[in-house]
Structure formats: structure tokens, C-alpha cells
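Below: the structure, in C-alpha cells.
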Amino acid sequence: MAGWPGVVVEDIVRQAHRLKNEMFVMGGKIQGKPLLPLPEHLVGQDGSSTVLDCLAGPVDISVLHSIETIVIEWSHQIRDILSKDSAQPLLEGLHPLPRTEFEFWHTRTVNLQCINDQVPPHPWPASGRVSLVLSRRC
């Protein structure tokens, strides 16, 4: 991409990262579990999460935007999980067996546990850095 304008290169990289995150989330849906993607500034070239160099000084606005965008996406995923209602089959006029209720709560438990496993308690690997960057914004 040598010789391309910087704005074009940045846009291509941003769109590629967005596509990568969408594929990551879709892969989780295929596996039956919610996966929370990381902001582009927290992912290294090899896919491992890296420590933000910008934490030593002032935080770049693009880093904040990237983190805030991902946190909003996370909240949408979590909202989708929590908004499902165990009574939905009844509201649709179906006559589910009690097993359906148990399966609903088992699935919700598995999904919430999966999210909890991705955001472990402090010291958080990459997700902790997200909160650290956002807290330094103030």
C-alpha cells in the first residue's frame, strides 16, 4: 500500500479490523457462545493482546474511539443475551415442555459464563487495559 494516501490506508485497516471482529463474533455464534472482540489497538500482529504503549502518556483520541466502539458492541451482545425471554414460546402460542425452560436457563448461564471468562477479575489482561484507558480519559 506504499504510495497510497494515509487516510485511505487507515480506512482500509479500520474496515479490515471491523470485518475481522464481525467474523470473530460470527464464529462464536456458530460455536454457540458469545465472543467479545478486542479493539484494534489492543491486538498485536500475531493476534495476542498487547500492552498499550499510549498508557504511559496522554491517550490518543483514536484509541479511545476504538475502545468505546468495542465496549458499545459488547453491551449490545450482552443486551441481546439478557433480553431473551423464557416465556417467548408461550407468547408465540406454543406449548413447550418444562425441559424447554431448563434449556433456556442453561443456555443463558453458559453464555454469561462465557462472557465472564473473557472479562476476568483484575488484573485483567486486555479487557482490563480497556477500563484503564477509559478511566485515564477523565
Side-chain angles (χ1 to χ4, degrees):
M1 291 195 267
W4 289 19
V7 175
V8 173
V9 172
E10 288 176 17
D11 187 51
I12 290 172
V13 169
R14 189 173 23 258
Q15 294 298 328
H17 187 73
R18 186 182 60 77
L19 179 61
K20 178 183 165 197
N21 282 348
E22 287 177 8
M23 297 307 296
F24 181 73
V25 171
M26 184 58 65
K29 287 181 180 182
I30 291 169
Q31 296 173 22
K33 58 184 179 179
L35 296 179
L36 304 175
L38 290 176
E40 60 185 298
H41 295 86
L42 292 181
V43 179
Q45 296 294 336
D46 59 355
S48 64
S49 49
T50 60
V51 177
L52 290 173
D53 297 332
C54 64
L55 291 180
V59 178
D60 182 15
I61 192 92
S62 66
V63 173
L64 284 176
H65 177 71
S66 172
I67 292 171
E68 289 171 345
T69 301
I70 288 294
V71 169
I72 290 169
E73 290 178 21
W74 290 355
S75 70
H76 290 168
Q77 282 183 270
I78 293 168
R79 182 199 61 209
D80 291 344
I81 290 169
L82 295 177
S83 68
K84 292 181 181 171
D85 187 6
S86 66
Q88 190 61 38
L90 290 173
L91 297 173
E92 294 172 357
L94 301 175
H95 303 288
L97 298 174
R99 179 163 183 74
T100 305
E101 183 81 11
F102 287 117
E103 289 171 353
F104 171 84
W105 289 107
H106 174 73
T107 301
R108 179 173 277 189
T109 302
V110 168
N111 286 339
L112 292 175
Q113 185 61 48
C114 184
I115 290 171
N116 187 53
D117 291 345
Q118 294 175 68
V119 186
H122 200 37
W124 295 352
S127 301
R129 282 176 264 172
V130 170
S131 66
L132 182 59
V133 169
L134 292 175
S135 68
R136 292 188 67 157
R137 181 178 185 190
C138 300

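Count residues from 1 along the sequence.
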Flag the pair Leu36 / Phe24 as yes when at least one side-chain heavy-atom distance between them is below 4.5 Å, and no otherwise.
->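 No; the side chains remain at least 4.5 Å from each other.
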
Kindly indicate whether the side chain of Ile81, heavy atoms from C-beta on, has any atom under 4.5 Å from the side chain of Ile115.
->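 Yes, at least one pair of side-chain atoms sits under 4.5 Å.
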
[X] versus [Y], closest heavy-atom pair with distance:
{"X": "Arg108", "Y": "Lys84", "result": "NH2-O, 2.7 Å"}
{"X": "Gly28", "Y": "Leu35", "result": "CA-CD1, 3.4 Å"}
{"X": "Gln77", "Y": "Pro37", "result": "OE1-CD, 3.8 Å"}

Can you get from Met23 to Ile30 by hopping between Ile, Leu, Val, Met, Phe, Trp and Tyr side chains that sit under 4.5 Å apart?
->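 In one cluster: no.
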
Can you hop from Trp74 to Leu112 via hydrophobic side chains spaced under 4.5 Å?
->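 Yes; tracing contacts between hydrophobic side chains, which count when under 4.5 Å, links both residues.
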
Mark yes when over 12 heavy atoms from residues, nucleotides or ligands other than His106 sit less than 6.0 Å from its NE2; otherwise mark no.
->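 Open: at most 12 neighbouring heavy atoms sit under 6.0 Å from NE2 of His106.
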
Please indicate whether Arg99 has more than 12 foreign heavy atoms, meaning atoms of other residues, nucleotides or ligands, lying under 6.0 Å from its CZ.
->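 Counting other residues, nucleotides and ligands, CZ of Arg99 stays at 12 neighbours or fewer.
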
How far does [atom1] of [X] sit from [atom2] of [Y], to the nearest 0.5 angstrom?
{"X": "Asp11", "Y": "Trp4", "atom1": "CG", "atom2": "CH2", "value": "11.0 Å"}
{"X": "Leu38", "Y": "Ser66", "atom1": "CG", "atom2": "OG", "value": "9.5 Å"}
{"X": "Asn21", "Y": "Met26", "atom1": "CG", "atom2": "CE", "value": "13.0 Å"}
{"X": "Asn111", "Y": "Asn116", "atom1": "CG", "atom2": "CG", "value": "12.5 Å"}
{"X": "Lys33", "Y": "Asp117", "atom1": "NZ", "atom2": "CG", "value": "9.0 Å"}
{"X": "His17", "Y": "Lys20", "atom1": "NE2", "atom2": "NZ", "value": "6.0 Å"}

Does the side chain of Glu92 pick up a donor-acceptor pair with the side chain of Gln88 at under 3.5 Å?
->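 Glu92 vs Gln88: donor-acceptor pair found between side chains.
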
Backbone N/O of [Y] and side chain of [X]: donor-acceptor pair under 3.5 Å:
{"X": "Glu103", "Y": "Pro98", "answer": "no"}
{"X": "Thr100", "Y": "Pro96", "answer": "no"}
{"X": "Glu101", "Y": "Leu97", "answer": "no"}

Set of residues satisfying side-chain hydrogen bond (donor to acceptor under 3.5 Å, both in side chains) with respect to Glu10, sequence neighbours excluded |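 Checked Glu10 against side-chain hydrogen bond (donor to acceptor under 3.5 Å, both in side chains); zero matches.
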
